[in-house]
Amino acid sequence: MGTSEKIPKLRLNSGHGMPLVGMGTAEFPPVPEKMKSAYLDAIVVGYRHFDTASLYKSEEPLGEAIQEAIKLGLIGSRHELFVTSKLWCNENHPEMVLPSIKNSLRNLKTEYLDLFLIHMPMSVKPGPHSFPIKRDDVVPLNLKGVWEAMEDCQNQGLTKAIGVSNFTTKKLEQLLALAKIPPAVNQVKMNPTWQQQKLKEYCARKGIGITAYSPLGGQSNLSPNPVFTSEVLKKIADAKGKTVAQISLRWLLEQGVIIVVKSFNKERLQQNLDIFEWELTDEERQKISTIPQKKAGTVEFLLSKEGSLNSVDISDIEITE
Ligand code: NAP
């Protein structure tokens, strides 16, 4: 896809169009100069959708890259971009939502977000965040209060749409029962090795868009990446003259979901956009449907080994079906 061609959009239940492929901005540890340069490369290559979060420390370098892109004439204005940011668990409290989005807007040097998400269905005590999250710090999430504050952000024009991330069908059910504005999007881990069929069908029925994160299996070096080591995907890629990454991304596109994919390498950024002008065959789709499923990390992955959950049941903060 050349820079002149536009990435197709999905219409959200808020009425806004969201580009089907966005750039994931997270890399740990964050290196601001490297990040800014990668985001500028992405704009040059044709990305117009960026997925950031206060947790990633990528808001400031993204804000700087956007300013620079305008100065260089790569884009006319910020309005040409779709920017998502997220509320981290230490600010997942009703009275902290508004200050949090305002801080994100300051970091991004913009007046509005396109999409603001609750990052996790979990609340921890206010204060500096730690990883892993201390079990003792987890407190009950006031979902009603937080969602009302999210709705307030949208009503005040600080974001065009609101949504959630890492919500299970059970958690979405709770949210839909109290929401005046339904979530536009649920951002979850999804790729051919974790296909999320149940959640996908539920969200389709409820008119909630899905954004797939870690579409290439994620960045963890702790275990072999299930996408890049899949023999099924490799065989399809070789036969088609595509890369495994492209097969994975094309499969997601054909599932009707939005993708946020991270690369800080210009060639791979380009490669990850070259997925619109060809398709998988029925036989290839069938083979992908048989790939053994590797369940995405449960909430245990985020929590410290020590300590105990005092006032919260683990089933209430689960992030995986
Ligand atoms: P990912 O997009 O699955 O990418 C994993 C790794 O693949 C990257 O480190 C990248 O390294 C490499 N890669 C990219 N394109 C490639 C290609 N064509 N060929 C070979 N390798 C390639 O991982 P992710 O960062 O976990 O997910 C994407 C975004 O989703 C994040 O950046 C973040 O914005 C979001 N996310 C959200 C949550 C949440 O809780 N809501 C959780 C995780 C991630 P190089 O940079 O070296 O290319």
Side-chain angles (χ1 to χ4, degrees), residues 1 21-31 34-35 37-39 41-42 45 47 49-59 61-62 82-89 92 104 115-122 129 131 133 163-168 171 183 185-194 196 199 210-230 233-234 237 242-252 257-275 294 296-299 301-302 317-320:
M1 171 168 294
V21 178
M23 183 194 190
T25 65
E27 190 178 77
F28 297 100
V31 181
K34 184 180 171 198
M35 291 166 131
S37 151
Y39 308 154
D41 282 346
V45 164
Y47 287 77
H49 162 190
F50 291 87
D51 183 73
T52 181
S54 53
L55 177 75
Y56 308 157
K57 302 261 180 285
S58 59
E59 291 175 328
L62 178 58
F82 189 106
V83 179
T84 301
S85 196
K86 314 189 191 84
L87 178 79
W88 187 239
C89 305
N92 214 351
S104 290
L115 182 62
F116 190 41
L117 306 178
I118 299 180
H119 206 145
M120 293 274 165
M122 178 173 29
H129 75 82
F131 191 82
I133 294 167
V164 294
S165 179
N166 298 299
F167 271 43
T168 58
K171 214 72 204 170
V185 162
N186 185 20
Q187 183 181 122
V188 292
K189 184 165 188 172
M190 186 174 172
N191 60 55
T193 68
W194 183 237
Q196 297 265 32
L199 188 67
I210 287 191
T211 300
Y213 76 66
S214 301
L216 305 179
Q219 296 179 42
S220 170
N221 298 320
L222 299 177
S223 51
N225 179 307
V227 171
F228 288 117
T229 54
S230 162
L233 295 177
K234 193 169 174 330
K242 304 289 177 193
T243 65
V244 167
Q246 289 173 319
I247 299 298
S248 184
L249 297 172
R250 178 70 209 184
W251 177 83
L252 283 162
V257 305
I258 300 145
I259 302 163
V260 284
V261 57
K262 177 261 171 186
S263 181
F264 282 6
N265 171 285
K266 201 167 179 181
E267 274 165 35
R268 292 193 285 276
L269 276 166
Q270 173 71 65
Q271 188 195 114
N272 295 344
L273 286 188
D274 290 337
I275 57 169
K294 187 164 174 7
T298 64
V299 71
F301 166 75
L302 298 170
I317 55 173
E318 195 44 83
I319 59 172
T320 308

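Positions are given from 1, in the same order as the sequence printed here. None of these values were measured; they are calculated from a predicted model. Values reported hereafter were calculated over all heavy atoms of this structure, with side chains retained and with hydrogens, waters and symmetry mates removed. Counting starts at 1 for both ligands and their atoms, following the listed order.
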Considering non-hydrogen atoms of the protein only, which is the closest contact for [atom], and what is the distance?
| atom | result |
| --- | --- |
| atom 41 (N) of ligand 1 | Ser165 OG, 2.8 Å |
| atom 31 (C) of ligand 1 | Gly24 CA, 3.9 Å |
| atom 21 (N) of ligand 1 | Phe228 CZ, 3.5 Å |
| atom 22 (C) of ligand 1 | Arg268 CD, 3.7 Å |
| atom 3 (O) of ligand 1 | Leu216 N, 2.8 Å |
| atom 44 (C) of ligand 1 | Tyr213 CD1, 3.6 Å |
| atom 35 (C) of ligand 1 | Asp51 OD2, 3.4 Å |

Partner of Leu115 by side-chain contact (heavy atoms from CB on, under 4.5 Å), out of Val83, Val185, Asp51:
Val185
Only one of Leu199, Val257, Thr211 forms a side-chain contact (heavy atoms from CB on, under 4.5 Å) with Met190, so which one is it?
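When Leu199, Val257, Thr211 are each tested with Met190, the side-chain contact (heavy atoms from CB on, under 4.5 Å) holds only for Val257.
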Distance-only polar pair, side chains of Ser85 and Thr52, donor-acceptor under 3.5 Å:
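On atom types as modelled, these side chains do not qualify, holding no pair under 3.5 Å.
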Without hydrogens or angle criteria, can the side chains of Lys86 and Tyr56 be said to hold a donor-acceptor pair below 3.5 Å?
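There is such a pair between these side chains.
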State which residues pass side chain to side chain donor-acceptor pair (under 3.5 Å) with Thr84; sequence neighbours excluded, sorted by chain then number.
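Checked Thr84 against side chain to side chain donor-acceptor pair (under 3.5 Å); zero matches.
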Ligand 1 contact on [X] by region, counting heavy-atom pairs under 4.0 Å:
| X | answer |
| --- | --- |
| Lys262 | both |
| Ser263 | both |
| Asn166 | side chain |
| Ala53 | neither |
| Asn272 | side chain |
| Ser214 | both |

Crowded around Lys57 NZ? As in, over 12 foreign heavy atoms under 6.0 Å?
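Open.
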